[in-house]
There are 2 protein chains.
Amino acid sequence: MRPTVHDIAAAAGVSLATVDRVLNQRPGVRLVTREKVEAAIRQIGYVRDVAAANLAKGRIYPIVFILPTGDNSFMHGLRSEVRHATLRSSFERTEIRIVEVPAFDVSALVAALDALQGRDLAGVALVATDAPEVWAAVDRLVYERIPVVTLVSDLTDSARHHYAGIDNIAAGRTAARLLGRFLGGHDGDITVLAGSMLVRDHRERLEGFSAVMAAEFPRLRLLPVLEGRDDPELARSLVSKALSASKDIIGVYSLGAGNRGLIAALKAVRPKRELTVVVHELTQHTRAALMDGTIDAVLNQDAGHEVRSAIRVMKAKADGQSVIADQERIRLDIFLKDNLP
Amino acid sequence: MRPTVHDIAAAAGVSLATVDRVLNQRPGVRLVTREKVEAAIRQIGYVRDVAAANLAKGRIYPIVFILPTGDNSFMHGLRSEVRHATLRSSFERTEIRIVEVPAFDVSALVAALDALQGRDLAGVALVATDAPEVWAAVDRLVYERIPVVTLVSDLTDSARHHYAGIDNIAAGRTAARLLGRFLGGHDGDITVLAGSMLVRDHRERLEGFSAVMAAEFPRLRLLPVLEGRDDPELARSLVSKALSASKDIIGVYSLGAGNRGLIAALKAVRPKRELTVVVHELTQHTRAALMDGTIDAVLNQDAGHEVRSAIRVMKAKADGQSVIADQERIRLDIFLKDNLP
DNA sequence: AAATTTCTGATTTACGTACATCAGAAATCG
DNA sequence: CGATTTCTGATGTACGTAAATCAGAAATTT
């Protein structure tokens, strides 16, 4: 059986109340006594029963998620995961509120962050647009000892406590290698569709992609990046234009959202044009396109994992506990048509 | 605030004791009363506080893991994950015992299973060798109402409650597509290294691999399967022999363990021979080989996830609860040199 | 209608921790 | 040395559930 507070009290030769004062860092314990208790705790290997502790304190964790609006499937999925988490909130002693702000809108994001100042929050999670004003607003919350976690996309320079998302440089590199290897030794152009260079995840994916392409697949040339603002309709028109402008395009890497538009553009030129395509985010549209051969590979981050990880981290930070970095690592999923879940 | 048993009692107009009888399916409640209570439970949306319930019952779950011996890295990793779980056992109210049996040894496995009959166990997890005697032994345990979970490799025909492992047909198909696409349109032979056709995971991987190869990459021919018994030394010699016997081999798929030997054999012919290689299981050896280019892709199942999932499932079954299938799905990880964890 | 059996209610203790109160001991101060 | 101040012990309640006991009500049988 696992040791309890009673065992500590007996081992240290003090009362339960004193053990409690030491454990919860309450005042009223002499230094020598405190050390005696701490020695006993180490010696018998006591570990607090978190379930019982939570039951006793009945604490709740008020949490805010700041999510961008936009009708692309990835953000839909993310919002739905957060909502799903609100359904479990009574079990997890959380109270989750969702705040929506326009995508890529720095001042709106800053306003949303500043509105949270002075609130008694256990944590704030945000999909960050990477700008100095945002760093500052985040740091203001951090200064107030509110745990802040970036979700999906990180901030370059800020005191945020944690980033819950994939390694986007690695994702870009992986995309490049898949595309490069799938294209064998062929020569040709590659077009890249991004959402916006204002967000760090897209910049990093491009960075990793370009690096591997340049170093290992010199026969493939990158065309200027198309910025589709994660908007299906804009993505469709940009890609269509690019495909008709250059007949040398043999590969496409879509590193943002709005793939519905990309897929429409691809289908319009199929099967005349043979294209190898790697995209990000598994949605109903990319899944179907992967199945029918329009897309060759999908890189994915599991939005559900990210949301749950973010919540775990915020709760841990709010309790002043450390997080197990390895356990909170978000994996990059690679889907071909054969291993779809 | 979340509703409690007291709220149910008040809503149903019965006593706490009656609510408890209904909730824990104890006898002594008339049908009409039981229905009244169940209606109240549904109506106020009561959900049992599992933490408090576990605290109150103080139940422990005795669990046995049956693992094959063998010095390949994958089984080492699996054993170490199970041991790691034993360290957490006091938190999770489990009491885990590990039983080791020789790999691919049907009668030893049956003996180990039968030795567990009549014990009061919350669950048995085993890496199964797929044979009728094993199906029968597993079914004997199931008949005694002991939850049984297969780990890594499943059984064809048995009443085991759950399988904690990847979809091996999908894994084989994925390997085929990666290898096929990486080899462009080239002609040549593919050699397949397996552990043993006695285990279902290896058979299924081969099945999926062969199917996609035949259907989509007709210019690649499969050579007869090499059975390395997951033994590094045997694997090395088999692969070396095969490579010198046929100069047409341009690809290798290793679907079992013992990759240390495969890698040694590959390094012996490098860089003269250009080979595209896809293997299973990320270990220190395959990781290094992926980094240095000896291997092109690694398919992986996360042993830690499998062990934790198996434990969750056994506990749920022991409590008569259902498992959330989707949550217990083990994902197939694909690693290229760019996305190693 | 009495005797029995089957339900139900009321109450209590327990799980391991948090937290509050109050009395008394020990240390420190004047 | 007495008067504070600071520390410690003893004790009780609470969290939400499990589980047991016993008395009494209701239903069933005789």
Side-chain angles (χ1 to χ4, degrees), chain A residues 1-41 44-61 89-94 315 318-321, chain B residues 1-41 44-61 89-94 315 318-321:
Chain A
M1 271 272 91
R2 204 166 137 183
T4 74
V5 282
H6 297 86
D7 300 321
I8 303 175
V14 300
S15 80
L16 244 172
T18 305
V19 173
D20 180 68
R21 289 176 187 121
V22 172
L23 278 175
N24 296 292
Q25 315 185 66
R26 271 185 267 275
V29 185
R30 235 185 324 164
L31 186 63
V32 281
T33 315
R34 154 160 281 130
E35 280 167 350
K36 206 165 59 179
V37 173
E38 281 166 349
I41 290 174
I44 66 176
Y46 168 84
V47 186
R48 196 197 235 96
D49 182 327
V50 190
N54 283 339
L55 181 61
K57 10 185 195 220
R59 154 159 210 196
I60 52 153
Y61 300 80
S89 60
S90 59
F91 302 88
E92 302 177 337
R93 311 184 160 279
T94 57
K315 285 172 71 172
D319 286 341
Q321 296 176 332
Chain B
M1 271 272 91
R2 206 166 135 182
T4 75
V5 281
H6 297 86
D7 300 322
I8 304 176
V14 301
S15 82
L16 244 173
T18 304
V19 174
D20 181 67
R21 289 179 186 117
V22 173
L23 278 177
N24 295 292
Q25 314 186 63
R26 273 186 265 275
V29 185
R30 234 184 324 165
L31 186 62
V32 280
T33 315
R34 153 159 283 129
E35 279 168 351
K36 206 165 60 180
V37 173
E38 282 166 349
I41 290 174
I44 66 176
Y46 167 84
V47 187
R48 195 196 235 97
D49 182 327
V50 189
N54 283 338
L55 181 61
K57 0 186 201 223
R59 153 157 212 197
I60 52 154
Y61 300 81
S89 59
S90 59
F91 302 88
E92 301 177 338
R93 311 184 161 276
T94 57
K315 287 171 71 174
D319 286 342
Q321 296 175 331

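Letters A, B, ... mirror the listed sequences (proteins, then strands); counts begin at 1.
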Problem - Residues touching DNA chain C, which here means a heavy atom under 4.0 Å, drawn from residues 17-27 of chain A - result: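 Nucleic-acid contacts, sorted: A:Asp20, A:Arg21, A:Asn24, A:Arg26.
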
Handout entry: Under 4.0 angstrom between B:Arg30 side-chain N/O and C:dT6 OP1 or OP2
Key =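 It does not, given that no N or O in the side chain of B:Arg30 lies less than 4.0 Å from OP1 or OP2 of C:dT6.
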
Handout entry: Listed nucleotide nearest any side-chain atom of A:Arg48, set C:dA18, D:dT17, C:dG16
Key =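 Looking only at heavy atoms from C-beta outward on A:Arg48, the closest nucleotide is C:dA18.
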
Practice task
Report the nucleotide, chosen from C:dA18, C:dG16, D:dT17, that has the shortest atom-to-atom distance to any side-chain atom of B:Leu55.
Solution key: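 Of C:dA18, C:dG16, D:dT17, C:dG16 is nearest to the side chain of B:Leu55.
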
Practice task
Hey, which sits more toward the 5' end of DNA chain D by its nearest nucleotide, B:Ala53 or A:Leu31?
Solution key: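 Here A:Leu31 is the residue nearer the 5' end.
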
Problem - Nearest-nucleotide comparison on DNA chain D, the residue closer to the 5′ end among A:Leu16 and A:Arg34 - result: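 Nearest-nucleotide comparison on DNA chain D picks A:Arg34.
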
Exercise for the section: With heavy atoms under 4.0 Å as the rule, sort B:Gly28 into base, sugar-phosphate or nothing. Expected result: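 Touches a base.
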
Exercise for the section: Pick base, sugar-phosphate or nothing for B:Val14, based on heavy-atom distances below 4.0 Å to the nucleic acid. Expected result: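 Sugar-phosphate contact only.
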
Between atom [atom1] of [X] and atom [atom2] of [Y], what is the distance when rounded to the nearest 0.5 Å?
X	Y	atom1	atom2	value
B:Tyr46	B:Glu38	OH	CD	13.5 Å
B:Arg34	B:Arg21	CZ	CZ	10.5 Å
B:Ile44	B:Ile8	CD1	CD1	5.0 Å

Problem - Position toward the 5' end of DNA chain C (nearest nucleotide), B:Ser15 or B:Arg93 - result: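 Going by which nucleotide is closer to the 5' end, it is B:Ser15.
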
Problem - Along DNA chain C (nearest heavy atom to each residue), the more 5'-positioned of A:Ala56 and B:Gly13 - result: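 It is B:Gly13 whose nearest nucleotide is closer to the 5' end.
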
Would you mind reading off the distance between [X] atom [atom1] and [N] atom [atom2], rounded to a whole angstrom?
X	N	atom1	atom2	result
A:Asn54	C:dT17	CG	P	12 Å
A:Glu35	D:dC7	CD	P	14 Å
A:Asp7	C:dC15	CG	P	12 Å
A:Arg59	C:dA18	CZ	C1'	13 Å
A:Lys36	D:dT8	NZ	P	8 Å
B:His6	C:dT11	NE2	C1'	11 Å
B:Ile60	C:dC15	CD1	C1'	15 Å
B:Asp49	C:dT17	CG	P	16 Å

Handout entry: Heavy-atom closest pair, residues B:Ala9 and B:Ser15
Key =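 Minimum heavy-atom separation between B:Ala9 and B:Ser15: CB-C, 4.0 Å.
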
Problem - side chain to side chain contact (heavy atoms under 4.5 Å, CB included) evaluation trace for B:Ile41 with B:Leu23 - result: CA-CA 9 Å; B:Ile41 290 174; B:Leu23 278 177; 3.9 Å; yes

Problem - Quiz item: cation-pi between A:Arg2 and B:Phe91, 6.0 Å / 45° - result: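 Checked: cation-pi criterion met.
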
Problem - Lys/Arg N to Asp/Glu carboxylate O, B:Arg59 vs B:Asp319, below 4.0 Å - result: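 Here B:Arg59 pairs with B:Asp319 in a salt bridge, since their nearest N and O are under 4.0 Å apart.
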
